[in-house]
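Inspection log for the structure reproduced underneath, given as structure tokens.
Just so we're clear, the structure is a prediction, and the values are computed from it rather than from any experiment. So that the names make sense, note that chain A is the first sequence line, chain B the second, and so on, each numbered from 1.
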Protein chains: 2
Amino acid sequence: MASILECTNSSKSIFDHDISASRFSARPLYLQARDAIAQRIAAGDWKPHTAIPNEADLAREFGVSPGTMRKALDLAEAERLVTRRQGRGTFVTDPTSDDQVERYNCIRGRDGKRAGKEIEVLSLLETTVNERECLRLHLRLRERVIRIRRLRLADGRPYMLEDVVLPARLYPNLTHETASERTVVMAQKFGVLLGKGEERVSIGNAAPDVASALQVDEGHTIMRLDRVIYTLQDKPAEWRMGHCLMDGRYYLSELR
Amino acid sequence: MASILECTNSSKSIFDHDISASRFSARPLYLQARDAIAQRIAAGDWKPHTAIPNEADLAREFGVSPGTMRKALDLAEAERLVTRRQGRGTFVTDPTSDDQVERYNCIRGRDGKRAGKEIEVLSLLETTVNERECLRLHLRLRERVIRIRRLRLADGRPYMLEDVVLPARLYPNLTHETASERTVVMAQKFGVLLGKGEERVSIGNAAPDVASALQVDEGHTIMRLDRVIYTLQDKPAEWRMGHCLMDGRYYLSELR
DNA sequence: AAGTGGTCTAGACCACTCA
DNA sequence: GAGTGGTCTAGACCACTTG
């Protein structure tokens with residue numbers, strides 16, 4: 001019997017989706033079920049904001065018990081793939097919704113609110129990886145990357161210069177327009193599901209190009225934000241080096 | 001039948017521990033069971049590194065089903081109360097062990113390793129809260145706090161001046177010696193179970209007292225680390241303001 | 001071989017939402 | 001009242017560790 005992982009089409013036959021035949025596989029059923037859910041969301045079979053079938057139906061469709069399906073859904077919710085509400089249903093999380101869009105943005109203004117939303121693309125280039133990118137993004141030599149230099153603005157004023165590097169494989173034919181979107185929006189357009197990230201925050205001084213872009217003197221103290229975001233499958237999906245003016249702003253870190 | 005929450009003594013009677021009678025309580029059984037586990041660990045009934053009874057025994061003792069007890073243990077593990085290892089058992093996590101002690105310390109050296117461990121207490125004072133402390137620690141007016149000023153050193157050199165504020169109620173009769181321990185060690189000595197934290201990172205300049213403590217010029221650029229750590233019950237347990245030299249160091253933030 | 005946690009089943013009833 | 005997720009039960013078998 002075919003694994004659910006091979007079936008991203010819209011066939012309704014329960015047989016195509018049944019994963020109970022792979023119960024002798026090494027991977028636990030609840031993880032396979034979670035994978036199947038992720039797959040459908042990534043492929044766009046299930047759109048953001050829409051309800052997915054209820055637990056019992058999904059369990060029947062995938063050929064697992066309700067308890068196992070629940071465990072898969074619990075995991076999917078923890079990974080922000082879905083949102084569940086008692087009495088209402090299970091909904092596909094929209095990563096571009098107001099409460100999710102700033103998921104990886106830790107910069108806050110004096111008022112505690114997140115900093116500005118405007119983004120201006122300065123340059124966009126597809127090329128071959130250099131050594132640093134290779135290390136940071138775990139790519140092979142000669143793989144292609146997309147380099148984006150862009151500016152973030154708050155109230156019309158630039159506060160952060162970003163150098164974004166993306167594996168070209170994940171974002172084929174990226175346009176200038178898409179490059180001006182936030183990371184989560186770009187990812188969603190290409191069916192990339194984002195998971196954990198890691199950011200290294202340090203203090204630095206504005207190099208000439210950074211200073212002119214941010215409209216400050218050369219050598220101005222800035223915060224350097226060196227961030228890598230991984231996909232749900234733990235593959236690097238973005239490396240961003242940010243150069244941020246911190247007057248009146250702070251970086252908010254959640255500790256667990 | 002008595003709730004488990006009232007029983008922190010070492011009585012072995014299963015009746016004293018049974019929480020099934022509170023199944024009509026608003027609080028779900030698995031949360032009550034988790035609370036009971038936390039209580040015993042905080043009270044020192046179960047010591048770090050020791051094994052606790054297996055799932056089936058705990059389920060019988062608490063009067064719940066194995067599935068419910070498992071859910072409680074899953075939660076306790078996510079909260080770092082216990083560590084479970086297949087085939088071996090469930091063990092009380094030692095918050096002062098090497099891999100846990102630096103849980104809230106995000107400062108890393110050039111090599112990616114955590115910064116130095118030495119701590120030198122400069123001053124220790126019990127007093128009444130001021131306004132800022134009141135806000136940060138959610139305390140009532142006139143509550144008592146302990147203020148600790150201390151220095152962190154790496155390779156014998158100071159790199160961070162810390163102003164730590166603790167609610168005196170949680171840390172009765174804190175000694176100078178205990179004040180030189182890390183947060184997690186202090187908390188463990190007083191049976192305080194720590195949960196989430198939140199840190200605001202900004203850039204600042206060393207005030208005169210900070211500069212002299214860190215052996216740098218006044219006005220030297222530093223990173224300000226404004227951190228609040230909460231207990232597992234979401235009550236503030238510590239407010240720390242750190243003033244940190246960042247030459248060659250960075251702040252590591254995990255994004256989820 | 002015995003004991004542990006990890007996975008999985010197949011139900012039950014409750015709390016909540018909405019038409 | 002019908003449908004949803006949330007909680008809870010009472011087992012089964014498997015994978016892993018240790019004596």
For A:Arg70 and B:Pro66, take the nucleotide of DNA chain D holding the closest heavy atom to each; which residue's nucleotide lies nearer the 5' end?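 Comparing both residues, the 5'-ward one is A:Arg70.
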
Would one find a side-chain N or O of [X] under 4.0 angstrom from OP1 or OP2 of [N]?
{"X": "A:Asn54", "N": "D:dT4", "value": "yes"}
{"X": "B:Thr68", "N": "D:dC8", "value": "no"}
{"X": "B:Lys71", "N": "D:dT7", "value": "yes"}
{"X": "B:Tyr30", "N": "D:dT7", "value": "yes"}

Any salt bridge between B:Asp74 and B:Arg84, counting N to O under 4.0 Å?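 Here B:Asp74 pairs with B:Arg84 in a salt bridge, since their nearest N and O are under 4.0 Å apart.
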
Using 4.0 Å as the upper bound for N to carboxylate O, is an ion pair formed by A:Glu254 and B:Lys196?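 Salt bridge flag = no for A:Glu254 with B:Lys196.
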
Check the distance between [N]'s [atom2] and [X]'s [atom1] and give it to me in whole angstrom.
{"X": "A:Met69", "N": "C:dT7", "atom1": "CE", "atom2": "P", "value": "16 Å"}
{"X": "B:Leu29", "N": "C:dC13", "atom1": "CG", "atom2": "C1'", "value": "13 Å"}
{"X": "A:Leu73", "N": "C:dC8", "atom1": "CG", "atom2": "P", "value": "14 Å"}
{"X": "A:Asp74", "N": "C:dT7", "atom1": "CG", "atom2": "C1'", "value": "14 Å"}
{"X": "B:Arg60", "N": "D:dG11", "atom1": "CZ", "atom2": "P", "value": "11 Å"}
{"X": "A:Arg27", "N": "C:dG6", "atom1": "CZ", "atom2": "C1'", "value": "15 Å"}
{"X": "A:Glu55", "N": "C:dA12", "atom1": "CD", "atom2": "P", "value": "16 Å"}
{"X": "A:Phe91", "N": "D:dT4", "atom1": "CZ", "atom2": "P", "value": "11 Å"}

Of all residues at least two apart in sequence or in a different chain, which pass the side chain to side chain contact (heavy atoms under 4.5 Å, CB included) check with B:Ser253?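 Partners of B:Ser253 by the side chain to side chain contact (heavy atoms under 4.5 Å, CB included) criterion, ordered by chain and then number, come out as A:Glu199, A:Tyr251, A:Ser253, B:Tyr251, B:Leu255.
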
Considering heavy-atom distances to DNA chain C, does A:Gly67 or B:Asp57 have its closest nucleotide positioned more toward the 5' end?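 Result of the comparison: B:Asp57.
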
Exam field: side chain [X] to backbone [Y], donor-acceptor pair closer than 3.5 Å:
{"X": "A:Thr83", "Y": "A:Thr93", "value": "no"}
{"X": "B:Tyr171", "Y": "B:Ala237", "value": "yes"}
{"X": "A:Arg60", "Y": "A:Pro66", "value": "no"}
{"X": "A:Arg114", "Y": "A:Glu102", "value": "yes"}

Of the listed nucleotides (D:dT7, C:dG5, C:dT7), which one gets closest to any side-chain atom of B:Pro28?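 It is D:dT7.
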
Going by number, which of residues 80-90 of chain B have a non-hydrogen atom under 4.0 Å from DNA chain C?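 By residue number: B:Arg84, B:Arg85, B:Gln86, B:Gly87, B:Arg88, B:Gly89, B:Thr90.
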
Return yes when atom CZ of B:Arg132 has more than 12 non-hydrogen atoms of other residues, nucleotides or ligands closer than 6.0 Å, and no otherwise.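 At most 12 heavy atoms, drawn from other residues, nucleotides or ligands, come within 6.0 Å of this atom.
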
For DNA chain D, the dot-bracket notation using Watson-Crick and G-U wobble pairs below 3.5 Å, [ ] for pseudoknot-type crossings and | for other-strand pairs, is ||||||||||||||||||.

Between B:Tyr230 and B:His138, what is the ring plane arrangement, given parallel below 30°, perpendicular above 60°, and tilted in between?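 The arrangement is tilted - the two ring planes meet at 30° to 60°.
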
Determine whether the side chains of A:Gln188 and A:Thr96 contain a donor N or O and an acceptor N or O closer than 3.5 Å.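 A:Gln188 vs A:Thr96: no donor-acceptor pair found between side chains.
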
